[in-house]
Amino acid sequence: MSLPADVHERTGGQLVQRIIYSQEDIATRVAEMGREITDYYPKGEDLLVLGLLKGSFIFLADLAREIARPIHVDFLVASSYGSGTVSTGQVNLVYDPEASLTDRHVLLVEDIIDSGNTINRLVPMLEERGPKSLELCTLLHKRIAPPLAREARWVGFDAPPAFLIGYGLDHSENYRNLPFIASL
Ligand code: PRP
């Protein structure tokens, strides 16, 4: 896919290899996921949408508006990558959601599943809090992780094994605000 005309302005002149998912690709897929999530949960039951920061902030903002039923939104922050491009394998919980998970449907929203470390560390911690159900929705899944503690029920795209930036994904905190997803 060709690069948008303003890509150099947006990235500060950094070389972006190619667009993997355009703004339009993402919007179409997010709308589909929103409809599927809307249909999946029983009417009248509480649904807590839990965004894993920081990477999911744009995906969650768009997805939440495509879910046509009442939801509550909260966040948790877990950080595993330092400033490099390879997972360190350690997951630190930096912010714990204020909302109670007990007896509620909980939908954990991720931007990407890469090594699976983050999910494998978080899912048991969240399950201990007694949610009525715990499902996982990720925009991107690299499909390179060994079997996960919980497989994602909703996956936006099976992602290529490249280092991806944009739409919430960063490299050393840069590029999260790109409206598309590109390889660096
Ligand atoms: C990234 C991404 C996922 C996780 C996926 O988060 O947002 O949460 O890594 O990688 P894994 O499957 O190998 O664990 P990161 O820790 O970089 O923090 P961020 O969301 O603040 O960018």
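No experiment lies behind these values; they were computed from the predicted model shown. Counting convention: from 1, in listed order, for ligands and their atoms alike.
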Ile119, any N or O under 3.5 Å of ligand 1 N or O
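Not met; the criterion fails.
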
Glu173-ligand 1 polar pair, N/O distance under 3.5 Å
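It does not: no N or O of Glu173 is found under 3.5 Å from an N or O of ligand 1.
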
Using a strict 4.0 Å threshold on nitrogen-to-oxygen distance, state whether [X] and [Y] make a salt bridge.
{"X": "Asp103", "Y": "Lys132", "result": "no"}
{"X": "Arg35", "Y": "Glu32", "result": "no"}
{"X": "Glu173", "Y": "Lys54", "result": "yes"}

Could you give me the CA-CA distance, side-chain angles and deciding distance for Tyr175 and Arg10, then say whether side chain to side chain donor-acceptor pair (under 3.5 Å) is met?
CA-CA 8 Å; Tyr175 316 121; Arg10 286 186 177 275; over 6 Å; no

Would you name the heavy atoms of Leu101 and Ala99 that are closest together and state the gap between them?
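Looking at all heavy atoms of both residues, the shortest contact is CD1-O, 3.5 Å.
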
Please report the closest heavy-atom contact between Thr38 and Ala68, naming both atoms and the distance.
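Scanning both residues completely, I find the closest heavy atoms to be OG1-N, 2.9 Å.
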
I need the atoms of ligand 1 closer than 4.0 Å to a non-hydrogen atom of [X], numbered in the order shown.
{"X": "Asp170", "answer": "22 (O)"}
{"X": "Gly116", "answer": "11 (P), 12 (O), 13 (O)"}
{"X": "Asp111", "answer": "2 (C), 3 (C), 7 (O), 8 (O)"}
{"X": "Lys54", "answer": "19 (P), 20 (O), 21 (O)"}

So is Val77 touching ligand 1 or not, going by heavy atoms under 4.0 Å?
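No, Val77 has no heavy atom closer than 4.0 Å to ligand 1.
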
Nearest neighbour of atom 11 (P) of ligand 1 from the list Gly168, Gly55, Ser115, on a heavy-atom basis:
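Checking each option, the heavy atom nearest atom 11 (P) of ligand 1 is found in Ser115.
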
Sort and list the pairs that fulfil ring-ring contact (aromatic ring centres under 6.0 Å, His included) and have at least one residue in residues 98-121, not counting sequence neighbours.
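Qualifying pairs, neighbours excluded: Tyr41-His105.
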
Measure Arg176 to ligand 1 on non-hydrogen atoms and call it side chain, backbone, both or neither using the 4.0 Å cut-off.
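Contact part for Arg176 vs ligand 1: side chain (C-beta onward).
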
